[in-house]
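Each remark here refers to the structure printed beneath this line.
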Amino acid sequence: MVIDEISGIVGKKFVITNSSSMQSYTKGYRFGEGSALLVCRPGSLLEVWKVLEICVKNDLIVIMQAANTGLTGGSTPSGNDYDRDIVIISTMRIDAIHVINDGKQIIGFAGSTLFGLERKLEPYGREPHSVIGSSCIGASIVGGICNNSGGALVKRGPAYTEMSLYAQITDSGNLILVNDLGIELGSSPEEILSNIENSNYTENQISFPPKLASDPDYQSRVRDVNSDTPARFNADGRRLHGASGCAGKIAVFAVRLDTYPKSKQHKVFYVGSNDHLVFGQLRKEILMNFKHLPTSGEYLHRDCYDATKKYGKDTFVVIDRLGSSFIPKLFALKRTVDLIAEKFKILPSKFSDRLMQALSHLWPNHLPKRMEKYRNLYEHHWVIEMCDDGISEARDFLTKFFENNEGDFFECSDREGEKALLHRFVAGTAIGRYHAVHKNKVGSMMTMDIALPRNEKDWFENLPPEVDEKFHLKLYYGHLFCHVLHHNYIVKKGVDADELKQQMLETFDKRGAEYPAEHNVGHEYCAKPTLKTFYMKLDPTNGFNAGIGKTSKLKHWK
């Protein structure tokens with residue numbers, strides 16, 4: 001009955017009930033997998049609302065899903081121990097973006113992407129609130145808001161807004177629509193959703209209330225290098241509001257966000273050192289004393305450099321040759337190939353990864369010679385991007401700094417800069433590819449997303465021998481200016497990864513670190529009290545994305 005009702009709304013061809021066909025939606029990009037009653041792909045916001053009405057009436061759990069590129073399994077089921085059936089609503093067909101206020105703000109719909117937003121803003125000379133990072137290839141705008149993700153851009157911080165349009169289930173079990181967009185769109189849900197989708201509103205109906213559409217305090221926060229708390233992390237109560245940080249505990253239809261003027265010039269500086277404390281001192285002096293903050297500053301350890309060079313090569317080449325907008329198509333193709341391969345027992349699991357890895361050997365070395373030279377000279381690598389007046393400021397400072405400190409830098413040509421940033425961009429894919437290729441020889445994959453205190457000096461991980469010996473591979477990269485670091489591991493066969501991860505997280509607790517920093521809890525981390533309270537307030541019946549953050553999967557949070 002439910003399947004027929006939903007099919008009548010979105011159309012039969014947009015409802016998936018076959019378990020193998022649903023895998024692209026029920027299995028996470030890196031972690032998480034479970035079963036669902038069905039997956040539906042509505043074509044309008046009003047269709048989403050009508051599907052939600054059916055789900056609430058029939059006491060079903062709803063998981064809202066966009067690109068399904070999250071690293072902690074937060075937009076898929078996890079296991080099969082729920083007390084109600086699950087309906088996954090994929091929003092990727094609803095990808096409209098409205099530009100308002102002469103390009104200074106946008107309205108991003110449920111399935112709109114950062115790729116699409118970059119193209120939309122091009123004629124206005126503006127840029128999005130976030131850029132595509134190594135952890136969110138193909139990411140959606142709304143997904144970024146729901147996870148407070150992003151933050152690679154030093155001047156802008158994580159994606160944040162207090163202006164959104166969303167559906168919520170009240171404690172009495174009623175479905176309501178909340179319009180916090182600051183646009184007069186009518187009174188009934190049908191009116192509001194139809195008007196926003198059809199651009200049926202005028203400039204006079206757009207108000208500018210005292211609500212934020214970005215984080216205005218982040219620059220001062222990241223500059224405060226003497227603070228004993230992290231600059232940004234998912235459980236930061238200052239940045240939990242409506243859609244922002246909701247992790248799918250409401251159904252977000254649209255968000256309103258600020259945009260930023262494009263810089264006139266960009267320059268990448270490639271920095272190397274064998275002493276991580278030198279990077280710590282460099283970070284502190286830049287954040288404290290520079291008039292112009294860097295655009296970004298991406299760290300890469302030598303081991304991660306090597307792994308990315310080998311196991312991220314095909315992704316690098318595809319983006320370099322075809323553009324980043326091709327990545328969602330590539331990921332879709334990979335999933336299709338894997339689904340087909342699973343039907344043939346003679347083919348190995350993760351067949352697409354193995355095939356692409358084999359093909360990547362046919363391509364010549366793709367990295368610039370000066371980067372390769374620094375790989376041999378230095379253990380620690382830092383790709384610092386500056387713009388406009390900050391370029392000469394960085395050039396002068398780095399020249400003087402390395403007269404008295406170990407290490408060196410070079411100023412990238414435009415092509416070298418593109419490749420340096422792209423190499424860091426694809427670093428997050430290396431661990432998954434390595435694990436897929438060597439799965440029979442190694443243990444589990446384990447990832448950590450850590451926000452260190454801003455005053456932490458000894459930021460690079462140094463494990464005691466009895467812990468270090470449990471790892472087969474360790475890859476370190478991250479956003480060094482804000483002290484958000486990504487630690488990706490593969491443990492040796494026979495090692496309990498969950499137990500080991502808990503031991504390591506306890507050491508970060510003692511250091512005042514927060515986690516996760518930007519990937520959100522998903523089904524990999526326990527939601528801390530601030531987050532759990534926020535989730536329960538948003539979703540008192542536990543009808544959306546139940547079990548997120550290792551919370552209860554049962555109705556009313558039993």
So with a 6.0 Å cut-off around NZ of Lys441, is the heavy-atom count from everything else above 12? no

Stepwise, does the side chain to side chain contact (heavy atoms under 4.5 Å, CB included) test hold for Ser199 with His98? CA-CA 8 Å; Ser199 302; His98 294 175; 3.1 Å; yes

At their closest point, which heavy atom of Ile97 faces which heavy atom of Ser112, and how far apart are they? CG1-CB, 3.6 Å

Given the options Lys57, Lys50, Lys12, Glu5 meets salt bridge (charged side-chain N to carboxylate O under 4.0 Å, His left out) only with Lys57

Within the structure provided, determine whether Tyr477 and Glu298 are in side-chain contact (heavy-atom separation under 4.5 Å). no

Just wondering, do Asn542 and Leu554 contact through their side chains at under 4.5 Å, heavy atoms? no

Keeping Asn147 on the side-chain end and Gly143 on the backbone end, is there a donor-acceptor pair under 3.5 Å? yes

Determine whether Ile63 and Thr76 make a side-chain contact, defined as any pair of heavy atoms from C-beta on separated by less than 4.5 Å. no

Could you tell me whether Asp314 and Arg433 have a side-chain N and a carboxylate O separated by less than 4.0 Å? yes

Check whether any side-chain heavy atom of Leu52 sits under 4.5 Å from a side-chain heavy atom of Ile89, and report yes or no. yes

Treating Lys553 as the side-chain partner and Ala546 as the backbone partner, does any N or O pair qualify as donor plus acceptor under 3.5 Å? no

Asp59 side chain to Arg84 backbone, donor-acceptor under 3.5 Å: no

Heavy atoms, side chains only, cut-off 4.5 Å: are Leu60 and Ile54 in contact? no

Tell me whether the rings of Tyr515 and Tyr525 are parallel (<30°), tilted (30 to 60°) or perpendicular (>60°). tilted

When you measure from the side chain of Gln65 to the backbone N and O of Tyr25, does any donor-acceptor pair fall under 3.5 Å? yes

Of all heavy-atom pairs between Arg256 and Ile183, which one has the smallest distance, and what is that distance? NH1-CG1, 4.2 Å

Say whether, by atom type as modelled, one donor and one acceptor occur between the side chain of Thr91 and the main chain of Ile94 under 3.5 angstrom. no

NE2/His487 to NE2/His301 distance, rounded to the nearest 0.5 angstrom? 10.5 Å

Nearest 0.5 Å, please: how far is CD1 in Ile141 from NZ in Lys120? 10.5 Å

Please answer whether the main-chain N or O of Asp449 pairs with a side-chain N or O of Glu518 as donor and acceptor at a distance below 3.5 Å. no

Which atom names give the shortest non-hydrogen contact between Ser296 and Ala152, and what distance separates them? CB-O, 3.5 Å

Tyr434 ring center within less than 6.0 Å of His472 ring center: yes

Interatomic distance, CG@Asp320 vs CG@Leu422, rounded to 0.5 Å, equals 6.0 Å

Between Asp236 and Ala231, is there a donor-acceptor pair closer than 3.5 Å when you use the side chain of the first and the backbone of the second? no

NZ/NE/NH1/NH2 to OD/OE distance under 4.0 Å, Asp83 and Lys555: no

Spacing of Leu193 atom CG and Ser44 atom OG [to the nearest 0.5 Å]: 8.5 Å

Within a radius of less than 6.0 Å around NZ of Lys474, do more than 12 heavy atoms belonging to other residues, nucleotides or ligands occur? yes

Interatomic spacing from OG in Ser78 to CD1 in Ile86 - rounded to 0.5 Å: 9.0 Å

Kindly indicate whether the side chain of Arg232, heavy atoms from C-beta on, has any atom under 4.5 Å from the side chain of Cys482. yes

Check: Asp539 side chain, Phe544 main-chain N or O, donor-acceptor pair, under 3.5 Å: yes

Determine whether His423 and Thr308 satisfy the following criterion, side-chain hydrogen bond (donor to acceptor under 3.5 Å, both in side chains), listing intermediate values before the conclusion. CA-CA 7 Å; His423 187 58; Thr308 304; 4.9 Å; no

Checking Ser164 against Ile145 for the side chain to side chain contact (heavy atoms under 4.5 Å, CB included) test, could you report, in this order, the C-alpha distance in whole Å, the side-chain angles of both residues, the deciding distance, and whether it holds? CA-CA 10 Å; Ser164 57; Ile145 291 295; over 6 Å; no

Whether Thr507 side chain and Met504 backbone form a donor-acceptor pair below 3.5 Å: yes

When rounded to the nearest 0.5 Å, the distance separating CZ of Arg424 from CG of Leu300 is 7.0 Å

So, Glu33 side chain and Gln23 main chain: donor-acceptor pair closer than 3.5 Å or not? no

How about Asn520 and Asn148: do any of their side-chain heavy atoms sit closer than 4.5 Å? no

Scanning both residues in full, the closest heavy-atom pair of Gly173 with Val56 reads O-CG1, 3.4 Å

Closest heavy-atom contact between Gly242 and Cys246? O-CB, 3.4 Å

Using a strict cut-off of less than 4.0 Å between a Lys/Arg side-chain nitrogen and an Asp/Glu carboxylate oxygen, indicate whether Glu514 and Lys528 qualify as a salt bridge. yes

Kindly determine whether Phe471 and Met446 satisfy side chain to side chain contact (heavy atoms under 4.5 Å, CB included), including the steps that lead there. CA-CA 10 Å; Phe471 291 106; Met446 189 173 90; 3.6 Å; yes

Is the ring centre of Tyr160 less than 6.0 Å from the ring centre of His129? no

Between Leu452 and Ala513, what is the shortest heavy-atom contact and its length? CD2-CB, 4.1 Å

Evaluate whether atom NZ of Lys532 has more than 12 neighbouring non-hydrogen atoms of other residues, nucleotides or ligands under 6.0 angstrom away. no

So with a 6.0 Å cut-off around NZ of Lys550, is the heavy-atom count from everything else above 12? yes

Salt-bridge contact Glu499-Lys470 (side-chain N to carboxylate O under 4.0 Å): no

Side chain to side chain, Tyr535 and Val521, heavy atoms closer than 4.5 Å: yes

Side chain to side chain contact (heavy atoms under 4.5 Å, CB included), that's the test. Do His519 and Thr447 meet it? Break it down for me. CA-CA 11 Å; His519 295 164; Thr447 64; 6.0 Å; no

